[in-house]
Structure formats: C-alpha cells, structure tokens
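Just follow the structure's listing: the first ligand is 1, and inside any ligand the first atom is 1. The residues of the chain are indexed from 1 along the displayed sequence.
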Amino acid sequence: MLPFSTLIQIDRDSGMPVYQQVANRLIQLIQEGRIQPGAFLPGTRDLAATLQLHRKTVVAAYTELERQDWIRSLPRKGVQVSPELPEIKPRSFRPGGGAAAYKGTTGFVFTRQAQQPTQLQAKGFRLVINDGFPDVRESPLPLLIRECRRLSQTRVYAPRLMYGLASGTEELRRALARHLAASRGLSIESENLMITRGAQMSIYLAAALLIKPGDKVIVGASNYRYADLCFQQLGATLIRVPVDDQGMDVNAVAAVCRRSKVRMLYVVPHHHHPTTVTLSAERRMQLLELIRERNLAVIEDDYDYDFHYASGPILPLASGDHGGNVLYIGSMTKSLALSIRVGFLVAPADFIEEAARLRRLMDLRGDNLIEEALAALIDSGDIDRHLKKSNKLFRERRDVFCDLLEEALGGLITFKKPDGGMAVWARFPKRYSLPKLSARAADLGLLISDGSSYRSPESTENGMRLGFASLTPAEIKEAIGLLQKAASV
Ligand SMILES: Cc1ncc(COP(=O)(O)O)c(C=O)c1O
C-alpha cells in the first residue's frame, strides 16, 4: 500500500473543505501515474484511520471522485481507480499532430480605439498614490460575502442563479429606489432604475442611446477622460466649457447652446474629475433653468456623491424639475470595492427599457447574487453605517494628507483641500515635467501618475490627482516624503 499518510497532507488553514483536498490530491496522484488505472484504493475506514480523519470525510472524497469518473465502486471488491481515466485528450487535425502557436497580431484589419490613459500597475511598488480610490482594507466585502452565503443557502435561491433581468434584480432596484429617495431626494420607482456594471457602463449606455456621429456634446474643459473617449468613440464632437471653483460655467454652456445645436451635456456635479470641484447650488439652479428652456439632454455623473466631508452634499439636478431631461448616474464601486461592479442609471422608464435592450447585446444580465446581497445590506442599514465610517476615516486622511502636502510641496504646487471625494487636484507649473517626476518617484518605489490621463488634447492644465483615501496616516507621511524627494531632484 502507498504511504498515504505522507502523500496526502491536509492544510487546515487553506479554507478548502478537507474532503475536497483529499479528492484533489488523489486525482493528482492518479494523473502523475503514482496510482495506476485499475488499482484499488484503501477502503474508507482504512484511509480515514491512516489520515486521522472522520470516515464521512473520506466517503465524501470518494463520492466526489466517483462523480467525476476517477474511481468506481465494485461490489464486494472495493474501490477501483477507473481503468479508463476520465481525461479527454483532444485529437489533433494537423498532419504533423499538435497545435500551432497562437499569433500575437491579427491577420486582418480591425478598428482601433483612440489612445487611452496608461493603466497604473501597482505591482512591485512600495507605495501608490492613486487616482482617488477607496482603501480595499476597509471594504465591507465580508458583509457582502456573508449575505451571499446566506442567500445561496436558501432553497428558493437556485432558480435565481439562472435567470435575471438586464435592468437588474427587482430587489436591488427597489432597495436602491428607497435609498436614493431618502439620501438624494430622487422620487423614483424601480422602473426608473437600471443596475449596470459600475457607473462606466451607465455612461456608455446612456450616451449610445443619445449620440449619433457628428452630434455636439458639451463637457468640461478638463473632464473625466473615459467619458470624453466614450462620447468620441460614438462619433460626438466635444465642445469644452470652463470649469472654475463653482463647477462648470453655466453661462458658457448657455452661450454654446445659443450658437450651436447641442445634443447633450455631461456634468460631474460632485468632486468633478479631475479637478474635484463641486457644482454650486446657484449654478445647479441656473443649469436646471437652461435644461428646461432648451430641452437639453444631460448626463449627470454623480459617481462620488457618498463621499462628502464639508457640509452635506447638494441634491442632484435629477431631483429638480427637469422635464425628463436629466439622466442620473451613480456608483457603488467606491463604497464596496472597485472590482465589485455595481453602478446605476436613473432615467424615465422608456429610456431604461431601451438601455436594458442595448445592454443585452453586450451583457445579458448582472450578478443576481451580488445584487440581492447588496439589496439586503442597503435595507439593513449596513451600507449606510459603512459609509458613515468611511467618510470619517477619509476626512481624517484628507486632512493629514493636505497638511503634509502643503508642508512638503506648497512651494511647487497649488491645490485646494477638496470638500469630498478621495483625491487632491495638484496643479504644477506650466512647464514642469510630470512624466519625469513620475519616473523619479518610481525609482524611489512610489507609483504616481505621469499626468497624461488628466490632460485632454485641448487642455492647458498641468496637474495630477493625488489620491489620499487608500493610505493610512503613516503611509501618507512616507508617500509624501518620497514625493518631496522625487520633486527636489
Ligand atoms: C467621473 C467618473 N465617472 C465614472 C467613473 C466610473 O466608476 P465605476 O467604477 O463606477 O465604473 C469614474 C471612475 O473613477 C469617474 O471618475
């Protein structure tokens, strides 16, 4: 008999059920040829004694192997490794056998997207000052996983894993409609809501239903690059208007509307990307008047509404009287974790129906389990409690960050303490080279942007977002120390 007690090692900390570990290891031993096809395995009682496990665990492991056809039970003989192993080896159709190496470039011509900002790769860096992301260490993921587990254990759940609406689960849309009514003054029903994979998908869907090639779209002079690129990809011509410390200049928007036929306006009302300014209440009122007067379609991208530290946030344009012209977009990705892709689009019901039809062409439905778990967390108040905690934590981090930044780089950069969001917008002198700064910081083990993702081709800004929310005060101190060193060369 093989020395199973040394061949099968159980790792109690791995998180994988023990029976699964036994089954996996036996499969591995069979694949490696150490247990031959046709050989007999020890009985469950013997193997359990050898491995010091409960017999039921070994029975579960053997049941798993039998289901996968690795073994079979022969009455009165025992447990035999299948003479024909269940490994299907595909047959080659090539004369010489085998498979060709897959090519790195296509043999045909295809449409290429416009140049996109380089994605920062944090791997290998000691510290990262990012675009303004939440701290993954503070994510409420354990709560979400707890809810997923609870839901998946209920008997009625299985069918829900198969079907789902392209507009999102009814549970989440109802919970979110209540939540948005209470927190953002949006008097909506679930039919006005669509759950999307992050705010980004909402931006794309809304824009795709509005924009035809050649249409004019108003955006900020500096703007969220992935919105710019999305509108341009759909064929829009962008018309840029200034953004000052009150937000987008509404007089400039009105002037553009007077001289051109405008299809749509895109506005980020809280903590505008990249400059972090908030559209003031006066400008909101002025803009609403213009929207009504011109019947102007608007995408209001309020991706960062939940993180406001000064006074309270300001109610969205969508909560005002806009005649069905404001499409409102929000996101849960910053409240949960960037890779839990839940965002939402608020719109009149006819638009939501059409957006769901369009979404189906690229993504049939969202993740029911996550959506329902999230609905439960919203209803139980867990999300609100988490947001309160995060706001307190991020406000403290913002204060530490801004104080240290002023001390270290106040002579070089100009910035205003943001009233919300997760980043500071730092302006550098016109000719200061951000790519060189970024390269010097990288040499010191600090990853920062090279500024390119914040600069549209028409922009005269030379700035970069410095995210503070994902760093502890000690990390902030170290990161700013490194940034100062990189800037002082
Ligand atoms: C202004 C703006 N809108 C939308 C998004 C997309 O967010 P999400 O992760 O929800 O897709 C971002 C991402 O940072 C953003 O800055």
Side-chain angles (χ1 to χ4, degrees), residues 116-120 128-136 139 141 168 172 176 180 193-208 217-231 233 238 243 247-248 264-279 298-308 313 316-318 327-346 355 359 362-363 366-367 370-371 374 383 387 390 394 418 420-425 449 453-456 463-470:
Q116 294 193 356
T118 346
Q119 299 249 310
L120 299 184
V128 181
I129 298 185
N130 57 37
D131 178 72
F133 301 145
D135 191 339
V136 279
S139 157
L141 213 55
L172 181 54
L176 206 51
L180 295 177
L193 257 171
M194 171 168 178
I195 310 301
T196 54
R197 292 195 189 273
Q200 192 64 40
M201 186 192 240
S202 287
I203 297 174
Y204 185 85
L205 290 174
V217 170
I218 302 181
V219 296
S222 55
N223 192 35
Y224 174 49
R225 279 294 280 153
Y226 287 107
D228 282 357
L229 291 167
C230 166
F231 306 149
Q233 201 249 6
L238 302 185
V243 177
M248 194 175 247
M264 184 192 104
L265 162 76
Y266 169 81
V267 61
V268 183
H270 279 106
H271 331 131
H272 167 254
H273 196 285
T275 66
T276 79
V277 294
T278 291
L279 187 67
V298 172
I299 292 184
E300 182 179 22
D301 177 5
D302 216 357
Y303 77 114
D304 222 6
Y305 180 94
D306 286 325
F307 300 94
H308 204 76
L317 295 167
L327 307 170
Y328 182 77
I329 288 172
S331 180
M332 305 291 291
T333 64
K334 296 223 166 39
S335 323
L336 298 168
L338 294 184
S339 63
I340 304 291
R341 307 297 300 155
V342 181
F344 54 88
L345 170 66
V346 174
R359 182 234 181 100
M362 62 181 120
D363 186 22
D367 300 317
I370 298 276
E371 289 183 13
L374 185 53
I383 289 292
L387 286 174
S390 314
F394 296 162
M422 302 187 195
V424 167
W425 174 238
S449 152
S453 50
Y454 307 118
R455 204 175 309 118
S456 64
M464 123 170 34
R465 279 168 67 94
L466 301 172
F468 52 78
S470 53

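- Distances from atom 16 (O) of ligand 1 to the heavy atoms of M422, H273, M332 put H273 nearest.
- D301 counts as a contact of ligand 1, since one of its heavy atoms falls under 4.0 Å from the ligand.
- Side-chain atoms of E300 come within 3.5 Å of backbone N or O of A318 as a donor-acceptor pair.
- Between M201 and R341 the shortest side-chain heavy-atom distance does not fall below 4.5 Å.
- Among I329, V268, T333, the one residue that satisfies the side chain to side chain contact (heavy atoms under 4.5 Å, CB included) test with Y303 is V268.
- Among D301, D304, D131, the one residue that satisfies the side-chain hydrogen bond (donor to acceptor under 3.5 Å, both in side chains) test with H273 is D131.
- When the heavy-atom distances from atom 9 (O) of ligand 1 to R465, Q200, R341 are ranked, the shortest goes to R341.
- Only the side chain of K334 comes within contact range of ligand 1, with a heavy atom under 4.0 Å; no backbone atom does.
- What sits closest to atom 6 (C) of ligand 1 on the protein, heavy atoms only, is Y224 OH, 3.6 Å.
- Here the protein heavy atom with the shortest distance to atom 7 (O) of ligand 1 is A199 CB, 3.9 Å.
- For atom 10 (O) of ligand 1, the closest non-hydrogen atom on the protein side is S331 OG, 2.5 Å.
- Atoms of ligand 1 lying under 4.0 Å from any heavy atom of G198, numbered from 1 in the order shown and given with element: 10 (O), 11 (O).
- In this model, a donor atom of one side chain and an acceptor atom of the other lie less than 3.5 Å apart for S470 and N130.
- With a 4.5 Å cut-off on side-chain heavy atoms, S335 and F307 count as touching.
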